[in-house]
Amino acid sequence: MSARSVISLITRIDTWRATHISERMFVLMLAFLVGLLSAVAAYVLHWLINQIVALLTGSFDASSFNLLYLVYPVVGIFITMLFVRYVVKDNISHGITRILYAISQNRSKLKSHNTWTSVVASAITIGFGGSVGAEAPIVLTGSAIGSNLGKLFRMDSHTLMLLVGCGAAGAIAGIFKAPIAGLVFTLEVLMIDLTMASLMPILVSCVTATCFTYIFSGDAALFTFHLDDSWTVERIPACVLLGIFCGMVSLYFIRTMSFCEGLFARLKDYPYVKLMIGGLLLSLLIFLFPSLFGEGYSSIDLLLNGRSEDDWTEILNNSLFAGQEKFLVLYIFLVLLTKVFATSATNGAGGCGGTFAPSLFVGCFSGFLFSRLWNIYEVGVHVPEKNFALMGMAGVMSGVMHAPLTGIFLIAELTGGYSLFLPLMIVSVCSYLTIIIFEPHSIYGARLAKEGKLITHHTDHAVLTLMQLDSVIDRDFLSVAPDTDLAQLVHRISRSKGSIIPVLDAAGNLLGEIDIQKIRHVVFRTELYHHFTAQQLMQQPPAVLADSLPMKEVMKTFDDTHADYLPVLDAEGHLKGYLSRQHVFTQYRRMVADMSED
C-alpha cells in the first residue's frame, strides 16, 4: 500500500469517527490503544534484555569473578553507539527529559522513530551489562506512541499532551504492574494537571497496560517481598533518619550524575574517546562489583528476600569478595557510591538507558546499609534490614525524581508491601523535604529548568512555558532605510498597520525605530519633508528581545520597560518582527481559558 493510499485511508477513518464518535470517547479509545502498545513495548524490551543476559552470562561460575565482565559492557555500548550514529542519526538519551522538552517546547510532538529506537538501543546497552535502567527508554517509547497516534488523527496540542501522559503512565504501569504509580508519575514528573478530562484517559491507559502485562508475563511482581516483621511505632525515629539519609544520597546521586555528564559533554566531538573512557571505567567497576552489571534487579531481590547472613552474602558472588562475609557492609557501601559513576559512564560513553532503575538500586542498597549499621551499633530498637531496604527504594526515588507519591505507590504496588504504607510515606516525605533544600528540581527537570523550559503545576508559569515566542511575533512590518526622507516616510506610514516603523541597514540589522505617535508634530508640515531623514527621527527601542528568550523573561522585560511594542532579533541580530504587549496578553488569556476548560 502506498503512502498516499495510507493517508487517504486515515483521512476517511478520521472523517467517519468525527461524525460517529465524540471527541472524548475517541480520546479514551486512543488511550486504550496507547496502553496496549506501551505494554507490548515494555514486554519486548525486557524479553530482549533477558535473552541477551542469558546468552552472555548463563555459564558464569558464581563462586569467582569473570574476565568477560571487562569486555561485554564495552561491546554493548559500542554497538549501541553505532546504531544511534548510523541508523537513528538522532539523540535518544535522557528519555524523560526529552518528553518534558517536547511538552513544553514542541507542542508535545515526539519523533516517530522514538516509538522503537529506544527499545533497541537500551536492550543492547543493558543486555551487555550497561549499568542503566530500561524504564526511561520505555517511558519515552510509550509517550512517542501516544504523540504519534495523536498526530496521525490530527489531535490538537492539548490532546497530544494528554496522550503523551497516557503513554508515560501506561509505560510505568506496564513495566511495574503498578497502575496507581503510573497515574501519579504523570502528575509529579511530567507535570500534567489532573482534571476530570485527563483523569479517565490516563487511568484507562494505566489499567490497560497493567492488564496486558499480566497476560504477557503472568501475575508475578517484578520484585518479590514478604513481610516477616511488622512495623511498629518505636521505629518512627529510624524511619525519619532513613528518609533524611535517602535525601542526602539523592543529592549525591543528582550532583555526581550532573558532574559526570558535564565531563562527558565536553567530549561530544570525540565519540571514540568517550567510548574508551566510559567503557574502561564501566568495565572496571563491573569487574570489581558485578552487582553493577545491567539493571541490578537480581541484587535488589537478594536484599529484599534475604532472611539470614548466608542469603545476603550471595550478593558478593562473582566478585573479588566472594565468600567473604565480613566484607558485606563494605561491599554494599562501595556499590552504593559507584553505581552513579557506572550509570554516568554507560550513558556518557554512548549507551542508552535511564536513571529510574539506578535510583531504585541505590535506594535499596542505602536502606540496607542504613539498617545494618543501625543494628550493628545498636542506635535504637532493632530494625529489619529487608524492610528498610524496601523503604530506601521509595526514599531515594522520591528524592532523585522529586516525586514522593510515585515513590510511595510504586514501591507499595511493586512489592505488595502495603503493610509498610505508613513508613513508606514517612521515608519518602522526609527524603523529599531534605532534597528540596539543596535541589529545587528533579534530575529530569534540572536541565530544562536552567533554560526556563520546564512546565510546573504553577498555572502562570506553565502557560508562559507553553507559549512559544515565535508564535506571537508580528512579522507584518514595513521598515525604512536610515537615509529615507520624511516625505517617503510619511508614504510608508500611510501603508503601515502598526505604530512603530523600524529603521534597518542594508543587512537587515535594527538601527532604531520611529514611533509614529512621537513625530506627529512634523508629519503634517510638508515644508519639512526634505529636511528630515529617518535616522534623525528614530530612537532606540526600550529593550531588544532575542528570539530564544523564554516567555517569562519576555514578560519581565515588558514590565520593566512599560513598552507596548518590542523588537525581536534572531541570532545574527536581524529583525524578525515585533512583539505586542496586547497580543501576548490576549494569547495568554486564551491559553489560561483552554487549560481551565476541563
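The analysis underlying the following values was restricted to heavy atoms, covering all of them including side chains, and did not include hydrogens, waters or symmetry mates.
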Chemist: Can you measure from NE2 (H46) to CG (N50) and round to the nearest 0.5 angstrom?
Modeler: 7.5 Å
Chemist: Could I get the full list of side chain to side chain contact (heavy atoms under 4.5 Å, CB included) partners for T210, not counting sequence neighbours?
Modeler: A173, K177, P179, Y214
Chemist: Measuring from atom OG1 of T355 to atom CE of M397, what distance do you get when rounded to the nearest 0.5 angstrom?
Modeler: 9.0 Å
Chemist: Considering non-hydrogen atoms only, spot the tightest contact between A168 and V139 and give its length.
Modeler: CB-CG1, 3.7 Å
Chemist: Could you tell me whether the side chain of L304 reaches within less than 4.5 Å of the side chain of M393, counting heavy atoms only?
Modeler: yes
Chemist: Output all residues satisfying salt bridge (charged side-chain N to carboxylate O under 4.0 Å, His left out) with R85, sequence neighbours left out; order by chain, then residue number.
Modeler: none
Chemist: State the OG1-CG distance between T434 and L251, to the nearest 0.5 angstrom.
Modeler: 10.0 Å
Chemist: To check you understand the geometry: which heavy-atom pair defines the closest contact between L424 and I408, and what is its length?
Modeler: O-CG1, 3.9 Å
Chemist: What closest approach, in Å, do E135 and A357 show between heavy atoms, and which atom pair accounts for it?
Modeler: OE1-CB, 3.1 Å
Chemist: With side chain to side chain donor-acceptor pair (under 3.5 Å) as the criterion, how do S131 and T346 come out once you've worked through the C-alpha distance, each side chain's angles and the decisive distance to 0.1 Å?
Modeler: CA-CA 6 Å; S131 194; T346 302; 5.3 Å; no
Chemist: Pair L303, E385 - check side-chain contact (heavy atoms from CB on, under 4.5 Å), show working.
Modeler: CA-CA 8 Å; L303 295 182; E385 283 94 343; over 6 Å; no
Chemist: A side-chain contact here means heavy atoms from C-beta on lying under 4.5 Å apart; do F78 and I124 qualify?
Modeler: no
Chemist: Going by the side chain to side chain donor-acceptor pair (under 3.5 Å) test, which pairs reach into residues 264-283, not counting sequence neighbours?
Modeler: none
Chemist: What's the verdict on side-chain contact (heavy atoms from CB on, under 4.5 Å) for I332 and I315, showing C-alpha distance, side-chain angles and the deciding distance?
Modeler: CA-CA 9 Å; I332 294 289; I315 206 167; 4.3 Å; yes
Chemist: Under the side chain to side chain donor-acceptor pair (under 3.5 Å) test, which residues partner Y432, sequence neighbours left out?
Modeler: none
Chemist: Minimum heavy-atom separation for T343 to G354, with atom names?
Modeler: CG2-O, 4.4 Å
Chemist: Between F293 and F128, is the gap from one ring center to the other below 6.0 Å?
Modeler: no
Chemist: Verify ring pair (Phe, Tyr, Trp, His ring centres under 6.0 Å) between W47 and Y43, making sure each step is shown before the conclusion.
Modeler: CA-CA 6 Å; W47 181 85; Y43 176 77; 7.7 Å; no
Chemist: Using the test side chain to side chain donor-acceptor pair (under 3.5 Å), find all partners of T406 that sit at least two apart in sequence or belong to another chain.
Modeler: E188
Chemist: Under 3.5 Å, side chain of N375 to main-chain N/O of V383, donor-acceptor pair present?
Modeler: yes
Chemist: Check whether any side-chain heavy atom of L56 sits under 4.5 Å from a side-chain heavy atom of V53, and report yes or no.
Modeler: no
Chemist: Within the distance-only criterion (no hydrogens, no angle test), does the side chain of T213 pair as donor or acceptor with the backbone N or O of G174 below 3.5 angstrom?
Modeler: yes
Chemist: Using ring-ring contact (aromatic ring centres under 6.0 Å, His included) as the criterion, list what pairs up with W312, not counting sequence neighbours.
Modeler: F368
Chemist: Which residue pairs satisfy the salt bridge (Lys or Arg N to Asp or Glu O under 4.0 Å) criterion with at least one member in residues 423-439, sequence neighbours excluded?
Modeler: R255-E439
Chemist: If you draw a 6.0 Å radius around OH in Y252, do more than 12 non-hydrogen atoms from other residues or ligands fall strictly inside?
Modeler: yes
Chemist: Going by heavy atoms in the side chains, are E314 and L302 under 4.5 Å from each other?
Modeler: yes
Chemist: Rounded to the nearest 0.5 Å, how far apart are CG of L140 and CG of L110?
Modeler: 6.0 Å
Chemist: Do the numbers put K339 on top of the ring of F365, so that NZ or CZ is under 6.0 Å from the six-membered ring centre and no more than 45° off the axis?
Modeler: no
Chemist: Which atoms form the tightest heavy-atom contact between L45 and S122, and what is the distance?
Modeler: CD1-OG, 3.4 Å
Chemist: Excluding sequence neighbours, so at least two apart, what forms side chain to side chain contact (heavy atoms under 4.5 Å, CB included) with V429?
Modeler: L433
Chemist: Under a 4.5 Å cut-off applied to non-hydrogen side-chain atoms, are Y331 and L334 in contact?
Modeler: no
Chemist: Does the side-chain contact (heavy atoms from CB on, under 4.5 Å) test come out yes or no for I286 and Y72, once each step is laid out?
Modeler: CA-CA 10 Å; I286 291 178; Y72 286 158; over 6 Å; no
Chemist: Kindly compute the distance separating CZ (F370) from CD1 (I244), expressed to the nearest 0.5 Å.
Modeler: 9.0 Å
Chemist: If you look at every heavy atom in I92 and A121, which pair is closest and at what distance?
Modeler: CD1-CB, 3.8 Å
Chemist: What pairs of residues pass the ring pair (Phe, Tyr, Trp, His ring centres under 6.0 Å) test when at least one of them lies in residues 164-188, not counting sequence neighbours?
Modeler: F176-F356
Chemist: Short question: side chain of N347, backbone of G353 - any donor-acceptor pair under 3.5 Å?
Modeler: yes
Chemist: For residues C239 and M391, determine if any side-chain heavy atom of one lies less than 4.5 Å from a side-chain heavy atom of the other.
Modeler: yes
Chemist: Which residues pass the side chain to side chain donor-acceptor pair (under 3.5 Å) test with E295, sequence neighbours left out?
Modeler: none
Chemist: Measuring from I202:CD1 to L183:CG, what's the distance to the nearest 0.5 Å?
Modeler: 6.0 Å
Chemist: Just jot down the side chain to side chain donor-acceptor pair (under 3.5 Å) partners of S299, sequence neighbours excluded, or say none.
Modeler: S291
Chemist: Starting from the C-alpha separation in whole Å, work towards a yes-or-no answer on side-chain contact (heavy atoms from CB on, under 4.5 Å) for N91 and R98.
Modeler: CA-CA 10 Å; N91 188 353; R98 293 198 165 279; 2.9 Å; yes
Chemist: Just wondering, do L187 and L405 contact through their side chains at under 4.5 Å, heavy atoms?
Modeler: no
Chemist: Measuring only between side-chain heavy atoms, which start at C-beta, is V340 closer than 4.5 Å to V362?
Modeler: no
Chemist: Between the side chains of S398 and S431, does any donor sit under 3.5 Å from an acceptor?
Modeler: no
Chemist: Among all residues two or more places apart in sequence or in another chain, which pass the ring-ring contact (aromatic ring centres under 6.0 Å, His included) test with F253?
Modeler: none
